[in-house]
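Below is one structure, written out as structure tokens; comments come after it.
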Amino acid sequence: MKITDELIDELAQLARLELASEEKEGLKADLGRMINFVEKLNEVNTDGVEPLLHISPRMNVLREDEVLGSISQEEALRNAPAKNEAFFLVPKVIKK
Amino acid sequence: MFSFTSIKDYHADLLHGRTTCVAAVQYFLAQIATKKHLNAFLEVYAEEALARAAQLDDSLTESGSLQGPLHGVVIGLKDVICYKDHAVTAASKILEGFTSIYNATAVERLLAAGAVIIGRQNCDEFAMGSSNENSAYGNVLNDADNDRVPGGSSGGSAVAVQAGLCMVSLGSDTGGSVRQPADFCGIVGMKPTYGRISRYGLIAYASSFDQIGIFARSVPDLAIVLEIIAGKDAYDSTASATPVESYSHLLHQVATPKRIAYFRQALEHAALDPEIAAAFRSFIKTLTDNGYEVEPIDFEYLDYVVPAYYVLTTAEASSNLSRYDGVKYGYRSNGNDVSLTQMYNKTRTEGFGKEVQRRILLGTFVLSAGYFDAYFTKAQKVRYLLVEKTKEIFSQFDAIISPTVPSPAFKFGEISDPIEMFLADIYTVFANLTGIPAISLPLFIHSNNIPFGMQVMTFQENDLCLLSLSEQMMQLASKK
């Protein structure tokens, strides 16, 4: 499969990555080769086979509905790159 | 002068007053300083480890007994496992400065059993890699030959045990990240059954593949650690609730599994180093001479396991790594007057390394509208076939053996092509695709003086059978 500029830009946008123009050609080539490589799976006959959705055999692992401790607000904010006393801060979303 | 052979001998020495936990920690700190060039540790908790060792020594003096099955056992953690109030970065710039606010369940259990955590260990960024060349904090060197890679992604953890910088390490294994570096470094490395060890506090790469694994110098040491950290956990609903067997005590007592299979296609594979193939065949002879039935079987899916693995793991990774957005924790790009979306984009582009970005893009591709069924669902169907095949094989055999890796440790920069690098995982990804336990045993030395191993796999939840068979194989190899 050939990776077009349009496709790589769309993927980068979905993945929230910003590809520098000098890197784009290399990534297009790498991604194209990776996709060709995984396309080998088309050789396997999977007619009538169900997709495996869970590797764990455990289903409906339930517990009592009790209120248990979690982390404090202070701990939750501890690693934030920008915060005030109660919130995470992000760049302004609503412009004047 | 302190020296380490096994946890059992160490504990006997402690109980007879021949050594102390402080002496052990001092010894390993000195070794770490001497072998600093290996770059195995990203951070060493010297003072803390010494203080804890002193406490353990005091309690032994007072009570006359060990504080737990891992009393004073000096352990290193791969930099993807959370240890409360300590840094953890997944060897990525995007988590620079991040401090864990809780313990991984495995760490909680190590500490409760008396272990001493000595530091956090270098690895490939977000555990993505087979050579430890993808760390944001530099390469880890193989102690057997400093020009060669230690394997990956848990390279630092493997080298730490190989070079005698700690007694045991915890790593993580998504496609071979414990077994492959154990093979390259000449030590024992095990990935237990999927879910045998809780993943709570393990930084996620591909959640349906990830499993914490253990590096040790011997099978009995590994067994002691596994029985401590395994078991159900309220914080991980995928953790197995099957009671944990006393692996270390039952190791020599359970009935010997005798029926062993190997994949004909694995031994005929073009990528397999001829010397590794020869050593493997010669070990089959040792096994049959000692009463094992070893039979070749057909495994027609060998060339499809790596493609299936890369579709599914990159898809899961693209989803798991979406949480690194520069808002809640970790690195944030410092652009002025940028929009929220621009902040996300710049943070992730500056924070993630190249291999991580490649895998996120591939994962985004296989999950995107129009390609989902053709790639992602297709790979899930192949995974179903592999699970069925596994059940069929283990209805007739107790174990499957194979080389762990097709080639011995390669030199830095020798493999630059991402796809060629993926093929280093050809024998190991099968166990993660099917959830079965697998181990690499250090049985061989290559003519270039680099160690290499053999992989053994058993059926799901048959971790005890795997350990017991492994111990027997190690004994056989040492008798030769």
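A, B, ... follow the sequence lines: proteins, then strands. Residue 1 opens every chain.
Heavy-atom distances place both the backbone and the side chain of B:T364 under 4.5 Å from chain A. In this structure, chain B has a heavy atom under 4.5 Å from the side chain of A:L19, while its backbone stays farther away. Only the side chain of B:D417 comes within contact range of chain A, with at least one heavy atom under 4.5 Å from a heavy atom of that chain. With a 4.5 angstrom heavy-atom cutoff, B:Y309 does not touch chain A via any of its atoms. Using a 4.5 Å cut-off between heavy atoms, A:R33 touches chain B through backbone and side chain atoms alike. Using a 4.5 Å cut-off between heavy atoms, B:V327 touches chain A through backbone and side chain atoms alike. In this structure, chain B has no heavy atom under 4.5 Å from any part of A:Q13. For B:I419, the part lying under 4.5 angstrom from a heavy atom of chain A is the side chain only. Of the atoms belonging to A:V93, it is side-chain heavy atoms, and not backbone ones, that fall under 4.5 Å from chain B. Contacts of A:M1 with chain B are made by side-chain atoms alone, with heavy-atom separations under 4.5 Å and no backbone atom involved. Of the two parts of A:L31, only the side chain, counted from C-beta on, holds a non-hydrogen atom closer than 4.5 Å to a non-hydrogen atom of chain B. Contact of A:N42 with chain B is made through backbone and side chain together, with heavy-atom distances under 4.5 Å. Contacts of B:D85 with chain A are made by both backbone and side-chain atoms, with heavy-atom separations under 4.5 Å. The part of B:E461 that comes within reach of chain A is its side chain, from C-beta onward, which places non-hydrogen atoms under 4.5 angstrom from that chain. For B:L312, no part sits under 4.5 Å from any heavy atom of chain A, backbone or side chain. Both the backbone and the side chain of B:V306 come within less than 4.5 Å of a heavy atom of chain A. Looking at A:I71, the atoms closer than 4.5 Å to chain B (heavy atoms on both sides) all sit in the side chain, from C-beta outward. For B:F422, the part lying near chain A is the side chain, with the backbone staying farther off; criterion is any non-hydrogen pair under 4.5 Å. Using a 4.5 Å cut-off between heavy atoms, A:L27 touches chain B through its side chain atoms alone. Only the backbone of B:A239 has a heavy atom closer than 4.5 Å to any heavy atom of chain A. Both the backbone and the side chain of B:S240 come within less than 4.5 Å of a heavy atom in chain A. For B:F209, no part lies near chain A; criterion is any non-hydrogen pair under 4.5 Å. For A:L77, no part lies under 4.5 angstrom from a heavy atom of chain B. Residue contact with chain B, scored on non-hydrogen atoms closer than 4.5 Å, involves the backbone and the side chain of A:F37 alike.
Across A:E10, A:H54, A:E23, the residue that shares the most heavy-atom pairs under 4.5 angstrom with chain B is A:E23. Between chain B and the options A:L68, A:L14, A:L53, A:D30, heavy-atom pairs under 4.5 Å are most frequent for A:D30. Each of B:S318, B:G195, B:A308, B:P418 has some count of heavy-atom pairs under 4.5 Å with chain A, and the biggest count is that of B:A308.
For the 3.5 Å distance criterion, the side chains of B:E350 and B:S333 qualify, holding a donor opposite an acceptor. For the residue pair B:E316 / B:S208, a side-chain donor-acceptor distance below 3.5 Å is found, with atom types taken as modelled. Of the N and O atoms on the side chains of B:T238 and B:R199, at least one donor lies less than 3.5 Å from an acceptor on the other residue. Residues B:N320 and B:S207 bring a donor and an acceptor atom of their side chains to less than 3.5 Å of each other.
Aromatic rings from B:F299 and B:F430 are positioned such that their centres are separated by under 6.0 Å. Aromatic pair B:Y375/B:F365: centroids less than 6.0 angstrom apart. Checked against the 6.0 Å centroid criterion, the rings of B:F126 and B:Y205 do not qualify as a close aromatic pair. Between B:Y200 and B:Y102, the ring centre distance stays below 6.0 Å.
Ring geometry for B:Y304 versus B:Y301: interplanar angle over 60°, hence perpendicular rather than tilted (30 to 60°).
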*In sequence, state the C-alpha distance, the side-chain angles, and the governing distance for B:Q211 and B:N432, and then conclude on side chain to side chain donor-acceptor pair (under 3.5 Å).*
CA-CA 8 Å; B:Q211 181 56 207; B:N432 303 80; over 6 Å; no

_Stepwise side chain to side chain donor-acceptor pair (under 3.5 Å) check, B:N345 with B:R348_ = CA-CA 5 Å; B:N345 291 350; B:R348 291 167 59 81; over 6 Å; no

*Output, in order, the C-alpha distance, side-chain angles, deciding distance and verdict of side chain to side chain contact (heavy atoms under 4.5 Å, CB included) for B:V387 and A:I55.*
CA-CA 9 Å; B:V387 168; A:I55 192 67; 4.3 Å; yes

*Taking it one step at a time, do B:F352 and B:T347 satisfy side chain to side chain contact (heavy atoms under 4.5 Å, CB included)?*
CA-CA 8 Å; B:F352 289 133; B:T347 293; over 6 Å; no

*Show your working on side chain to side chain contact (heavy atoms under 4.5 Å, CB included) between B:D303 and B:H269 and close with a plain yes or no.*
CA-CA 9 Å; B:D303 286 330; B:H269 203 274; 3.2 Å; yes

*asked:* side chain to side chain contact (heavy atoms under 4.5 Å, CB included) for B:K389 and B:E300? Distances and angles first, verdict last.
replied: CA-CA 10 Å; B:K389 179 79 185 174; B:E300 62 276 27; 3.4 Å; yes

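The minimum heavy-atom distance linking B:S92 with B:G351 is given by the pair OG-O, 3.5 Å.
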